[in-house]
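Because only heavy atoms are used, hydrogens play no part in the values below, and waters and symmetry mates are left out as well, while side chains stay in.
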Amino acid sequence: MATKEDVLKALAAVKSPDGTPITGTGKLSDVVASDGKVFFSITVDAGVVPQWEPVRKAAEAAVRAMPGVKSAMVALTGERAAGAPRAAPAPPQGGHGHAHAPRGERPVQGPPGVAAIVAVASGKGGVGKSTTAVNLALGLRDLGLKVGVLDADIYGPSMPKLLAIRGRPETLGGNRLKPMTGYGLTVMSIGFLVAEDTPMIWRGPMVMSALTQMLREVEWGTLDVMIVDMPPGTGDAQLTIAQQVPLAGAVIVSTPQDLALIDARRGVEMFKRVNVPLLGIIENMSYFVCPKCGERHDIFGHGGAHAEADKLGVPFLGEVPLHMAIRETSDAGRPVVATEPDGPHAKTYREIAARVRDKLGAKGGARAAPKIVIEA
Ligand SMILES: Nc1ncnc2c1ncn2[C@@H]1O[C@H](COP(=O)(O)OP(=O)(O)O)[C@@H](O)[C@H]1O
Ligand SMILES: [Mg+2]
């Protein structure tokens, strides 16, 4: 397998816009090379991003052509000058006359064949966002929709594990990637490109750059709905995604506890601020059903998310119990909706999915709403 040193050697042949090798420019991030998967980013001043885009492409092609490299992803990040306001045009560089908006600040076009992109977000990690995203996607699939999952949780990509998808995306012509598939879902995750256990420091613009590539350089095909498993939280990276990806709507996942609810509220505020319709809140780990006696225990003060949704004027989409079957299937890559389709949890997720589908039909906005299929 190619090492970091091999990659740097190959990159020495790639020229920056002024003709010097990019390895000497100080603009490369640390190169992550693990198990044949390579990732790094190039950070340049926001104003010169367009000149660097061919360099990014060339760097990616050079690495992909190396023996011992299975996949490569190179992100190009435009950095605003310190203190520059978020929406301001980049300062002109080197007498070029006019400024270019950095790549990261333009709205990103969704894949052409995708009717509706829905973000699944949470105010913090560990509330079951990914588990909910995957089972919601499967619920929508069960309603007859063609569904994709984009794992945008680049801090902790979980779709390879949750859907038990191994291997790497095939490269098609022209630098395009073929998405992976699992349980009838079309799936893309940074986890297919970068080893899951590779710790990476991501800044806001880098997240968007990686995500733009997963949106634009992957052959998603025709989808009724794309579920985006968002990075947890409401920081810069999340706001950038909410702002720039053409979302048809957002779903917030929260546990019933007070603290999680404060975070959920921040999530609601974030999407409201950028005019993304809130499809609703899902209460996860809502109550506990004792596997022995079958009795229901409201150990976390069940119902908090419903009350909070009402208070915020956001639809409540449903509650999912804390249940061992959900955890075990999820953690084993056998999501409950797919593997226990006749069980109570699958039914719960399908009901939530139907509400999401109906809300999308009503709020399709600028993008076409997915076709409505009557549940069998
Ligand atoms: N409703 C649930 N019942 C039981 N365990 C759950 C439930 N939802 C999620 N989990 C478990 O909680 C942990 C965190 O869930 P995950 O979906 O990875 O959260 P997040 O994406 O918000 O970090 C996982 O082990 C998952 O299996
Ligand atoms: Mg997750």
Side-chain angles (χ1 to χ4, degrees), residues 118-140 142 149 151 153 155-159 161-164 183 227 229-234 250-268 279-312 314-356:
V118 174
V120 175
S122 67
K124 61 170 198 170
V127 300
K129 174 175 53 66
S130 300
T131 299
T132 306
V134 90
N135 283 300
L136 171 64
L138 289 164
L140 289 164
D142 287 349
V149 178
D151 186 354
D153 189 348
Y155 304 100
S158 44
M159 288 308 148
K161 182 178 155 209
L162 288 183
L163 292 164
Y183 299 104
I227 295 291
D229 185 8
M230 293 276 287
T234 50
V251 170
I252 308 276
V253 180
S254 178
T255 61
Q257 288 103 314
D258 286 337
L259 279 175
L261 288 171
I262 292 169
D263 291 312
R265 207 172 306 150
R266 285 202 192 100
V268 169
L279 303 178
I281 294 179
I282 298 173
E283 184 171 277
N284 189 38
M285 312 196 201
S286 179
Y287 53 90
F288 175 69
V289 180
C290 172
K292 288 210 182 85
C293 61
E295 207 177 304
R296 171 178 165 151
H297 303 279
D298 292 344
I299 45 178
F300 295 133
H302 146 263
H306 197 165
E308 189 63 30
D310 289 347
K311 214 190 291 170
L312 293 168
V314 173
F316 183 69
L317 294 169
E319 48 196 40
V320 177
L322 173 74
H323 200 285
M324 213 47 196
I326 297 176
R327 164 158 298 158
E328 282 173 357
T329 51
S330 192
D331 295 351
R334 309 176 67 254
V336 73
V337 171
T339 58
E340 298 174 15
D342 301 323
H345 306 308
K347 180 165 175 280
T348 299
Y349 283 117
R350 278 195 301 267
E351 284 165 2
I352 291 172
R355 286 183 201 117
V356 168

Among all residues two or more places apart in sequence or in another chain, which pass the side chain to side chain contact (heavy atoms under 4.5 Å, CB included) test with Ala250? Ala119, Phe271, Val276, Leu278

Those residues at least two apart in sequence (or on a different chain) that pass side chain to side chain contact (heavy atoms under 4.5 Å, CB included) with Asp310 are His306

For the student: nearest non-hydrogen atoms of Gly303 and Pro256, plus distance: N-CB, 4.4 Å

Quick one: which residue pairs count as a ring pair (Phe, Tyr, Trp, His ring centres under 6.0 Å) with a foot in residues 118-137, not counting sequence neighbours? none

Say you draw a straight line from CG of Asn284 to CD1 of Ile252; how long is it, rounded to the nearest 0.5 Å? 13.5 Å

Between NE2 on residue His323 and OG1 on residue Thr348, distance to nearest 0.5 Å: 10.5 Å

Tightest non-hydrogen contact, residues Glu283 and Gly304, listed as OE1-N, 3.2 Å

Do you know which two heavy atoms are closest between Met159 and Val134, and how far apart they sit? SD-CG2, 3.8 Å

Applying side chain to side chain contact (heavy atoms under 4.5 Å, CB included) to Ala309 and not counting sequence neighbours gives Ile281, Phe316

Enumerate the side chain to side chain donor-acceptor pair (under 3.5 Å) contacts for residues 120-138, please, sequence neighbours excluded, ordered by first and then second residue. Lys129-Asp153, Lys129-Asp229, Ser130-Ser158, Ser130-Asp229, Thr131-Ser330

Would you please name every residue forming a salt bridge (charged side-chain N to carboxylate O under 4.0 Å, His left out) with Arg265, sequence neighbours left out? Glu308

Once side-chain hydrogen bond (donor to acceptor under 3.5 Å, both in side chains) is applied, do any residues pair with Arg327, and if so which ones, sequence neighbours excluded? none

Rounded to the nearest 0.5 Å, how far does NZ of Lys311 lie from CG of Leu261? 8.5 Å

Decide yes or no for Thr234 and Asp263: does some side-chain heavy atom of the first lie under 4.5 Å from some side-chain heavy atom of the second? no

Let me have the donor-acceptor pairs involving side chains of residues 335-344, under 3.5 Å, with sequence neighbours excluded, atom names and distances please.
from, atom 1, to, atom 2, distance (Å)
Thr339, OG1, Arg334, O, 2.9
Thr339, OG1, Pro335, O, 3.1

Enumerate the residue pairs fulfilling salt bridge (charged side-chain N to carboxylate O under 4.0 Å, His left out) with a member in residues 315-326, sequence neighbours excluded, ordered by first and then second residue. Arg296-Glu319

Testing Val253, Ile326, Leu322 one by one against Met285 for a side-chain contact (heavy atoms from CB on, under 4.5 Å), which residue passes? Leu322

Would you say Arg266's side chain and Gly123's backbone share a donor-acceptor pair under 3.5 angstrom? no

Among Ile282, Val320, Leu138, Asp142, side-chain contact (heavy atoms from CB on, under 4.5 Å) partner for Tyr349: Val320

